[in-house]
Amino acid sequence: MIESHSLTLHASIIALFRKAVRIVSPDSKPNIVLERPRQADHGEFACTLALQLAKTTHRPPRELAKALIDALPPSKFIEKIDVAGPGFINIFLTPAAKQSVVSEVLNSNGRWGEINLGHQRRIQVEFVSSNPTGPLHVGHGRGASFGASLANILEKAGYRVQREYYVNDAGRQMDILTVSTWLRYLAGFGSLIAFPPNGYQGDYVTEMANHLRGAEGARLVRTDQAVLQGSSGFAMNQHDDVPTEAQIEAHMDVLIANAKSLLGNDYRIVHQLALREQLADCREDLEAFGVVFDEWFSEQSLYDDGSIAKVVEQLAAAGHLYVQDGAQWFRSTAFGDEKDRVIQRENGIFTYFASDIAYHANKFARGFDVIVDVWGADHHGYIPRVMAALTALGLDAKRMHVPLVQFVSLYRHGEKVQMSTRKGQFVTLRELRTEVGRDAARFFYVLRKSDQHLDFDLDLAKSESNDNPVYYVQYAHARIHGVLAKWGGESNRLSQVALTPLNSPQEFALMQWLREYPETLELAAREYAPHMVAFYLKELAAALHSYYNAVQFLVDDESLKLARLALICAVAAVLRDGLALLGVSAPEKM
RNA sequence: GUGCCCGUAGCUCAAUCGGAUAGAGCACCAGCCUUCUAAGCUGGGGGUUACAGGUUCGAUUCCUGUCGGGCACACCA
């Protein structure tokens, strides 16, 4: 990390206050915090130290504030200090201290905003992790945007980040996809079996069936009687009664079992084809969305290498398991969960919870200092049991964090669009990307707090995409580039120019925003809140547009011109950097 | 029923670990292009922060309760 002048400025002012406290109130050890006042006439920094100390010292805050200011050692950065309101200490920087940020940005080689919050600790961000049973939909898009932006921000904040996708390639949902593909394949050879209501009904399944036919010919065809052997047959068309949920699931169980026994080792061929095609599709889709993973971690591998059996043994050996009704239970209530959880079913099959324990134990074994799981909000009840299991294994569950991303509701023609992956009635991420564009989609997704429901109005996003705030930010960047292009000089020169001509309110406002960039990133990284970066960029763009309308850049006064160009060049650099963190492009022309 | 999240301008949302006069965008009204991009700017109206208490110098923020919305409460994944 570069030694930031901005941070030393911040730190040096805190150091001044620490000295002042030693004189005014030697016994106090307060946590000294500098705030950014919302209003410009409250200075560049504000300190609430006097208000904090008032309680313990039993002295009026304004009097304390005055005493602190008197005791403050002089600083070349500080123009003046005021006491305001109930006892705020407002600090006003000298013009030179404010202007210096411009050359800092321009001389940072694109590293402005880097902070050392992470101290190069290893952090894993796992996100999306959607079942590879169909195309990603708009809900996954939010998780993808959030996770990818968060990972970028954490990297900028000094963490070594690994981006991971957990592939649920081992469960029943994959079996259902496999059977669905096979049934479509059979239908292509004249099978009359009714397609089960809980099968995957999207067109992509038929496509995979065609690929299967191309690769294997008629080799995998079996008779309808054999495929349906042992099923109640409710799903045949002649049946009028509406089947119950349990009947539907039982029917699927029979189909899966029959498929496995009828196809033998060839079942794996169908399974692998479906998995391979879905993963490839998913990866391509995400990459086009600007979301790239370092690792695609297979759930199946945890079965194959015995990891799951191993953690279950570990838990058993530690006395955390018991048997009831033939199933094996984990006593998670001993670790704060509200009820105990089944880890191995009566039929001997491990639950998803079991593989999840093994997966998280594996993450810890890989040596990450911090583990971040980005989950949908509907999984919130799942957190305590995973934490419980990790604690039971002797791992430090506090190193795991689970930011929850709330649902996305899609609106089309003013009506809520119902989404169901199985029935194939959903708007896919791919469709969304095509309709509103990658930049708008990525920005729109992180434009609200992750724990807030997101209403995505497709018509608005499509028909009035010019109103999308992303264009506002990108336009600021394009405008700056336009000016620099018109000027035609060497941008590198600008990092050396004298900045003293910059003294208008708009210029000081812009410089203040530039200085806040690292602080915004620190907060966003701390709180796992990429939306802060999006809001920051809107503010910075607003300050730029305002400035753009107020002054002329290419003026005759050479020193004034260069100083102004240096300022907007620095603004462009920060806009570009911030947009990149969010996976949004920074066009030079619009 | 129990647990978690949420409730802020007409609408969509912010608000820097409790800070100063709660801010933007959209919509509405009035202005600004002979000059570097008007996808822009300037100004204006719009609020009992769901409600009632509590904690303190200070509460949208923390605590309790009520009302309203979402989600979760499997030997599913």
Side-chain angles (χ1 to χ4, degrees), chain A residues 31 33 35-39 41-42 46 48 50-52 54-55 60-62 84-88 90 131 133 168 170-174 176 249 299 324-329 338-339 341-353 355-356 376-384 404 406-407 409 447-449 451-455 457 460 464-476 478-487 516 519-520 522-524 526-527 529 531-532 534-536 538-539 541-542 544-555 564-565 568 589-590:
Chain A
N31 182 27
V33 179
E35 294 175 353
R36 290 294 194 183
R38 287 178 182 150
Q39 289 167 263
D41 58 346
H42 289 154
T48 57
L51 293 163
Q52 291 172 49
K55 199 176 300 176
R62 283 191 68 99
F88 292 99
N90 291 336
N131 282 345
T133 52
N168 295 123
R172 175 179 155 85
Q173 294 308 316
M174 267 312 296
I176 294 178
E249 297 302 327
E299 179 189 7
Q324 185 181 310
D325 303 330
Q328 192 145 211
W329 294 69
E338 58 185 13
K339 55 178 288 193
R341 310 291 175 177
V342 172
I343 199 169
Q344 188 173 19
R345 288 191 264 163
E346 192 179 2
N347 61 13
I349 295 175
F350 290 114
T351 60
Y352 181 81
F353 181 42
S355 57
D356 237 11
D378 55 333
H379 283 65
H380 67 80
Y382 201 74
I383 300 170
L404 296 174
Q406 283 286 355
F407 285 161
S409 298
L447 207 47
R448 51 204 18 75
K449 274 190 301 197
D451 59 7
Q452 201 75 260
H453 282 261
L454 170 58
D455 290 336
D457 188 327
L460 186 73
E464 301 184 52
S465 58
N466 283 357
D467 289 340
N468 193 305
V470 71
Y471 295 102
Y472 184 78
V473 179
Q474 289 179 317
Y475 187 47
R479 277 181 138 180
I480 294 170
H481 196 269
V483 174
L484 293 173
K486 179 104 178 177
W487 170 55
E516 285 188 30
E519 297 163 27
T520 300
E522 176 169 355
L523 263 174
R526 249 185 228 289
E527 312 269 321
H531 78 278
M532 288 181 164
F535 279 94
Y536 168 85
K538 277 169 60 179
E539 301 277 13
L544 186 280
H545 285 309
S546 184
Y547 184 43
Y548 189 98
N549 278 274
V551 304
Q552 189 74 12
F553 299 102
L554 302 177
V555 292
R564 285 177 172 172
L565 291 175
I568 61 172
K589 279 185 184 169
M590 287 178 74

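Order of the sequence lines fixes the chain letters, A, B, ..., with proteins taken first and strands second; residue numbering starts at 1 for each chain.
Contact annotation for A:Lys589: base contact, defined as any heavy-atom pair under 4.0 Å involving a base atom. Across all strands shown, A:Ala84 has heavy atoms under 4.0 Å from base atoms, whether or not it also approaches the sugar-phosphate. Residue A:Leu523 is classed as a sugar-phosphate contact, given heavy-atom separations below 4.0 Å to backbone atoms only. Contacts of A:Val555 with the nucleic acid, taken as non-hydrogen atoms under 4.0 Å apart, are absent. Residue A:Gln324 is in base contact, counting any heavy-atom pair closer than 4.0 Å across all strands shown. In this structure, A:Tyr475 reaches the bases: a heavy-atom distance under 4.0 Å links it to at least one base atom across the strands shown. As judged by a 4.0 angstrom heavy-atom cut-off over every strand, A:Asn131 is placed among residues touching the sugar-phosphate backbone only.
The side chain of A:Met532 has B:A15 as its nearest neighbour among B:C41, B:U12, B:A15. Closest approach to the A:Arg38 side chain among B:C13, B:U16, B:U42 is made by B:U16 (side chain taken as heavy atoms from C-beta onward).
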Nucleotide pairing, RNA chain B (Watson-Crick or G-U, distances under 3.5 Å), in dot-bracket with [ ] and |: (((((((..((((.....[...)))).(((((.......))))).....(((((..]....))))))))))))....
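The separation between A:Arg172 atom CZ and B:C75 atom P is 15 Å, rounded to whole Å. Taking atom NE2 on A:His545 and atom P on B:C36, their separation rounds to 16 Å, with Å as the unit.
Considering only heavy atoms from C-beta on, A:Asn168 stays 4.5 Å or farther from A:Met174 through its side chain.
Between the side chain of A:Trp487 and the main chain of A:Leu565, no donor-acceptor pair closer than 3.5 Å is present.
Scanning atom types as modelled, one donor and one acceptor separated by under 3.5 angstrom connect the side chain of A:Asn90 and the base of B:A20.
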Write out a two-atom table: protein N or O, nucleotide N or O from nucleotides 30-35 of chain B, distance below 3.5 Å.
| from | atom 1 | to | atom 2 | distance (Å) |
| --- | --- | --- | --- | --- |
| B:U35 | O2 | A:Gln552 | OE1 | 3.4 |

Which atom pairs link the protein and nucleotides 3-7 of chain B when you take only N or O atoms and keep those under 3.5 Å?
| from | atom 1 | to | atom 2 | distance (Å) |
| --- | --- | --- | --- | --- |
| B:G3 | N2 | A:His380 | NE2 | 2.8 |

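Judged by ring centres under 5.5 Å apart and planes tilted less than 30 degrees, A:His42 stacks against the six-membered base ring of B:A20. An aromatic stacking contact between A:Tyr548 and the base of B:G40 is absent, as defined here by ring centres under 5.5 Å apart and ring planes under 30° from parallel.
An anti base is found at B:C29: its glycosidic angle is more than 90° from 0.
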